Amino acid sequence: MILILLGPPGAGKGTQAQRLEDKHGLIQLSTGDMLRAAVAAGTEVGRQAKAVMDRGELVSDDIITGIISDRLDQPDCKSGVILDGFPRTEAQAEALDRMLADKGMKLDAVIEMKTDDKVLVERITGRYTCAKCGAGYHDKFLKPKVDGVCDKCGGTEFTRRSDDNAETVKSRLNAYHAQTAPLLPYYRGKGILKQVDGMAPIDEVTAQIEAVLKTI
Ligand code: ADP
Ligand code: ADP
Ligand code: ZN
């Protein structure tokens, strides 16, 4: 199964992708995580991407589609993938269609996480991640059961993204509306666009996604 989670920064794509991975054994492919790994490793791609990401703009389509195409060729992706943060432009969506056709794979559904922009700054500025296992948390909306200890792995170190500040969020939201929102009619036209209420509490969004999965 190949699913796309589509929505603005802070909509809850990563949170829900982690749950789908745990429950259904799908592989979460987050282009943001892949780029951050490249930045941390100091690769050529990482060097090029860093400044663009800090400005809240989009990294070039060629770099991104290359990364995704290589990743989809790894054997673990055979069990199914959730695309989180990709595609983000029409050029990327078209490239994805071509690469899936070449690889004999099929896109099953695109799930739009509908949210109001006004909640996104608070979600993003309160977001943090376990440094050891990558589990996502929020200062207010998703706290670990024991303060300062990761529920999943017991880790006690957490990180925050340098681009998760109110300034950068504005550019990232602009990029979403200008370049990514046009993918909604693109996928609606293909008859595979589904919607969930991204404003609902996290568990309720998970339940809505599960209900969508039953229909495909
Ligand atoms: P995205 O991957 O779409 O950028 P995340 O999944 O990282 O978004 O969510 C952003 C932040 O908001 C995280 O800290 C997460 O815990 C929190 N969050 C996610 N979904 C919800 C929700 N439905 N209600 C409240 N907070 C949420
Ligand atoms: P969020 O879900 O909070 O928007 P991501 O982790 O998906 O954040 O992306 C962080 C940054 O990485 C983006 O602002 C952008 O610079 C870059 N990026 C991630 N995915 C893509 C993509 N598919 N195309 C272009 N740039 C991307
Ligand atoms: Zn952890």
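Since the structure is predicted, the reported quantities are computational estimates derived from the model, not experimental observations. Whatever order the structure lists ligands and atoms in, that order sets their numbers, starting from 1.
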Please determine whether a side-chain nitrogen of the Lys or Arg among [X] and [Y] lies less than 4.0 Å from a carboxylate oxygen of the Asp or Glu.
X	Y	result
D97	K190	yes
D22	R19	no
R127	D139	no
K170	D117	no
D54	K50	yes
E122	K140	yes
D73	K78	no

Per-atom contacts, ligand 2 versus R36 - under 4.0 Å to a heavy atom =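 Counting atoms of ligand 2 from 1, those under 4.0 Å from R36 are 6 (O), 10 (C).
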
For Q92, atoms of ligand 2 separated by under 4.0 Å from a heavy atom |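 Every atom of ligand 2 under 4.0 Å from some heavy atom of Q92: 22 (C), 23 (N), 24 (N), 25 (C).
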
Is it the side chain, the backbone, both or neither of V59 that has a heavy atom closer than 4.0 Å to ligand 2?
->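 The answer is both.
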
Between L58 and ligand 2, which residue portion shows a heavy-atom distance shorter than 4.0 Å: side chain, backbone, both, or neither?
->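 Both backbone and side chain.
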
Which value, rounded to 10°, describes the SG(C150)-the Zn ion (ligand 3)-SG(C130) angle?
->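 Angle SG(C150)-the Zn ion (ligand 3)-SG(C130): 110°, rounded to 10°.
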
If the Zn ion (ligand 3) is the vertex, what is the angle to SG of C133 and SG of C153, rounded to 10 degrees?
->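 Taking the Zn ion (ligand 3) as the apex, the two atoms subtend 110°.
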
Is the NZ atom of K103 crowded by more than 12 outside heavy atoms at less than 6.0 Å?
->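 Count over threshold, so yes.
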
If you measure every N/O of G56 against every N/O of ligand 2, is any gap under 3.5 Å?
->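 It does not: no N or O of G56 is found under 3.5 Å from an N or O of ligand 2.
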
Using a 3.5 Å cut-off and no angle test, enumerate the donor-acceptor pairs between side-chain atoms of residues 80-95 and protein atoms at least two apart in sequence or in another chain.
residue	atom	partner	partner atom	Å
D84	OD2	Q28	NE2	2.9
R88	NH1	G85	O	2.9
T89	OG1	D61	OD1	2.9
T89	OG1	Q92	N	3.0
Q92	OE1	R88	N	2.8
Q92	NE2	D61	OD1	2.9

List by chain and number: which residues place a heavy atom under 4.0 Å from ligand 1?
->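 If the criterion is a heavy atom under 4.0 Å, then ligand 1 touches P8, P9, G10, A11, G12, K13, G14, T15, R123, R127, Y137, H138, F141, L142, G198, A200, P201, I202, V205.
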
